[in-house]
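One structure is given here, and the rest of the page talks about it.
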Amino acid sequence: MRDHEVVIIGAGPVGLMLACLLAQEGIDAVVLERHDGADDRVRAIGIHPPGLRALDAVGLGADARAAALRLEGGDVFSRGRVLASVDFSEERPVHVLPQPVTTALLRDRLLGMGGWRLQQGRSVEHVREDADRVTLTLAGDGVRSEVTASLVVAADGVRSSVRANLGARWRGRPGAAIYTMVDVTDGSAGRRAALYCEPDGLVESFPLPGGGRRWVLRHARTGDLGQGEGPEQAASSLRQGIEDRTGIRPDIPEDATISVFRASQHLAGPLETQRVALLGDAAHEVSPIGGQGMNLGWLDARRLAETIVRGRANGRFDLAGYERQVRRTARAAQRRSAFYMAMGCPAGAATVRAREALIRTLGSTPLRRWSAGLITMRSS
Ligand SMILES: Cc1cc2nc3c(=O)[nH]c(=O)nc-3n(C[C@H](O)[C@H](O)[C@H](O)COP(=O)(O)OP(=O)(O)OC[C@H]3O[C@@H](n4cnc5c(N)ncnc54)[C@H](O)[C@@H]3O)c2cc1C
C-alpha cells in the first residue's frame, strides 16, 4: 500500500495547477509545501492565452479575468521614436495579474476540493525510488517522517533539490543578464505595455490591475545598479536610470520594494525517471523577459495530468512522452526569450540601427499579427 497515488512537491502556481487538474479527476493527489504561509513575491504578472486556457480548465478563468487587467497591446520605442505597436486581439488576449493573486485562486480552488490536498510546513528532504513506489523523507515541526506514492512530481522551483537528488543535469543557455524591478502605484498606467530598447539597455513598463505600474530596467553592466545600495539609493538610481534612457521620471517612493534578479535560462535533463517527474521551474528556467515561465509550467501541468490519467488506466505512466513534449516547448520558449533579451541588451550604434530596423519590420502591417502571435505564445 502507498499513502497516495501522486505526491506533488511545491505549492507554487505550477504544482497547484497540477493538483487541481488531478483532484478534478478524482485522483488521490497531495501537495507538500515547505513554507507555512503564502508566497507573496510578485514575480509573474503576464497570463498568455495558453495560461488562460489552463485556468479555464480548472474553473478559474472567469475569476482570473475579473481580477486581472486586460492588456490592449504594447509599443516598442528606441531613441525617442515608436518603432512598432502591437494590439492583442479578443481571441489572443494578454491578462496582467500578480502571481500571489493567481496562486491564491489556485490554492482556494484546491482546498475547496479537500483540505487534506495541501499540506504546508512539510519540507521534502530526500526522494528514494523503488520498483513499485517512491518514498519521500520529510521534515516539519521538528519531526521526520516518510510518505509513499506511486508517482512523485517535483514542482519545487528553479533551485529544485529533487532535481539534484535525481542527478539530473541543469544545462544553461548563454546570455544571462541582471535586471532591477519595482511595482509602484500609478493611476495613469493605462492598458498598454511600453518597451524601450535603448542603447544603454532595456526598460519595460507594464500597467498593473488596480492602478499600478511595473518598471524593469536591464543593467548596463553586472552590478551597476541597485546592488549593495540602501533602499533610498536604490530608488534614486532606478529613477535616474529610467529617466536617462526614456526621458520619463517615474514616481518611485524611497520605501518601494526594489528587487534585482538575474534572468538566465536552463533546461533539466532527464526530466523524469520511472516514477518521478520534474515540472515547472524545476524542469526549465525561462527568462522572465517575455513572461512565459509560469504559463509554460501550466501547459506542462496539463500534459502531465493527461499522462497520469492515461497511465492510471493501464498501470504505466508514459513520462518519456511527457518529457519529449516539455523539451520541445521549453526550447521554443527559451529561443523567444533569448530573442527578447537580445533586443534589449546594451549595444553600439551599428547594432542599435540593425535591431531598430528588425523591430520596425516585425511591427509592419504584414508581420504585425505574426508578431502578436509570437508574444502571446501561439505556437505553445
Ligand atoms: C521577476 C520575474 C517575473 C516573472 N514574470 C513572469 C510572467 O510575467 N509570466 C510568466 O509566465 N512567468 C513569469 N515569471 C516566472 C514565474 O514566476 C515562474 O515560472 C513560476 O513561479 C514557476 O512556478 P513553479 O510552481 O514551478 O515554482 P515556484 O513558484 O518557485 O514554486 C516552488 C514551490 O516549491 C516549494 N519547495 C521548494 N523546495 C521544496 C521542498 N524541498 N519541499 C517542499 N516544498 C518545496 C517552494 O517553497 C515553492 O513554494 C517571472 C519570474 C520572475 C523572477
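For ligands, and for the atoms within them, numbers begin at 1 and follow the listed sequence. The residues of the chain are indexed from 1 along the displayed sequence.
Closest heavy-atom approach to atom 22 (C) of ligand 1 within the set Asp281, Ile289, Val42: this belongs to Asp281. The option from Thr103, Asp156, Asn165 that lies nearest to atom 37 (C) of ligand 1, judged by heavy atoms, is Asp156. Remark: among candidates Ala44, Pro50, Ser259, the nearest residue to atom 6 (C) of ligand 1 is Ala44, based on non-hydrogen atoms.
Judged by the shortest distance from any of its heavy atoms, Arg122 lies inside the 4.0 Å radius around the atoms of ligand 1.
Ion pairing of Arg245 with Asp200 is absent here, as no side-chain N (NZ or NE/NH1/NH2) approaches a carboxylate O to less than 4.0 Å. Ion pairing of Glu243 with Arg249 is present here, as a side-chain N (NZ or NE/NH1/NH2) and a carboxylate O approach within less than 4.0 Å. In summary, Arg328 and Glu323 do not engage in a salt bridge, as defined by a charged side-chain N under 4.0 Å from a carboxylate O. Under 4.0 Å is where a charged nitrogen must lie from a carboxylate oxygen, and between Arg53 and Asp56 no such pair does. Looking at Arg218 and Glu204, no side-chain N of the basic residue comes within less than 4.0 Å of a carboxylate O on the acidic one, giving no salt bridge.
The salt bridge (charged side-chain N to carboxylate O under 4.0 Å, His left out) test with Asp75 is passed by exactly one of Arg81, Arg191, Arg192: Arg192. Under the side-chain hydrogen bond (donor to acceptor under 3.5 Å, both in side chains) rule, Gln292 has a single partner from Arg336, Gln334, His284, His48, which is Arg336.
No donor-acceptor contact under 3.5 angstrom links the side chains of Glu125 and Thr137, judged on distance only. Looking only at atom types and distance, the side chain of Glu129 has a donor-acceptor partner in the side chain of Thr273 under 3.5 Å away. For the residue pair Arg213/Ser205, the side-chain donor-acceptor check at 3.5 Å is satisfied. Side-chain polar atoms of Thr148 and Asp3 form a donor-acceptor pair below 3.5 angstrom. In this model, a donor atom of one side chain and an acceptor atom of the other lie less than 3.5 Å apart for Gln119 and Arg122. Looking only at atom types and distance, the side chain of Arg109 has a donor-acceptor partner in the side chain of Gln24 under 3.5 Å away.
Only side-chain heavy atoms of His35 come within less than 4.0 Å of ligand 1; its backbone N, CA, C and O stay farther off. For Ala282, no heavy-atom contact with ligand 1 is shorter than 4.0 Å.
Regarding atom 31 (O) of ligand 1, its nearest protein heavy-atom neighbour is Gly12 CA, 3.4 Å. Ranking protein heavy atoms by distance to atom 16 (C) of ligand 1, first place goes to Gln99 OE1, 3.8 Å. For atom 44 (N) of ligand 1, the nearest protein heavy atom (residue, atom name, distance) is Arg34 N, 3.1 Å. Protein heavy atom nearest atom 41 (N) of ligand 1, with residue, atom name and distance: Val124 O, 3.0 Å. The protein heavy-atom contact nearest to atom 35 (C) of ligand 1 is Glu33 OE1, 3.2 Å. Scanning all protein heavy atoms for the shortest distance to atom 3 (C) of ligand 1 gives Arg43 O, 3.3 Å. The protein non-hydrogen atom at the shortest distance from atom 12 (N) of ligand 1 is Met294 N, 3.1 Å. Protein heavy atom at the shortest distance from atom 32 (C) of ligand 1 is Ala155 O, 3.4 Å.
The shortest N or O to N or O distance between Val14 and ligand 1 is under 3.5 Å. Looking at ligand 1, you won't find any N or O of Phe261 less than 3.5 Å from one of its N or O atoms. Taking distance alone, with nitrogen or oxygen atoms compared against 3.5 Å, Asp39 stays at or beyond that limit from ligand 1. Residue Met181 has no nitrogen or oxygen atom sitting less than 3.5 Å from a nitrogen or oxygen atom of ligand 1, judged on distance alone.
Heavy-atom proximity to Asn295, at under 4.0 Å, picks out these atoms of ligand 1: 9 (N), 10 (C), 11 (O). Proximity to Ser123 (heavy-atom distance under 4.0 Å) selects the following atoms of ligand 1: 42 (N). For ligand 1, the atoms sitting less than 4.0 Å from at least one non-hydrogen atom of Gly280 are 26 (O), numbered in the order shown with element in parentheses. Under a 4.0 Å criterion applied to the non-hydrogen atoms of Gly157, ligand 1 contributes the atoms 27 (O), 30 (O), 32 (C). Close approach of ligand 1 to Gln292 is summarised as follows: ligand atoms under 4.0 Å from at least one heavy atom of the residue are 9 (N), 10 (C), 11 (O). Set against the non-hydrogen atoms of Ile9, the atoms of ligand 1 under 4.0 Å away are 40 (C), 42 (N), 43 (C). If you number the atoms of ligand 1 from 1 as listed, the ones under 4.0 Å from a heavy atom of Pro288 come out as 2 (C), 3 (C), 4 (C), 50 (C), 51 (C), 52 (C), 53 (C). With ligand atoms numbered from 1 in the order given, ligand 1 contributes 43 (C), 44 (N) to contacts under 4.0 Å with heavy atoms of Leu32.
Side-chain atoms of Arg369 and Ser371, non-hydrogen and from C-beta on, never get closer than 4.5 Å to each other.
Hydrophobic cluster membership differs between Leu267 and Met341, with clusters built from Ile, Leu, Val, Met, Phe, Trp and Tyr side chains linked at under 4.5 angstrom.
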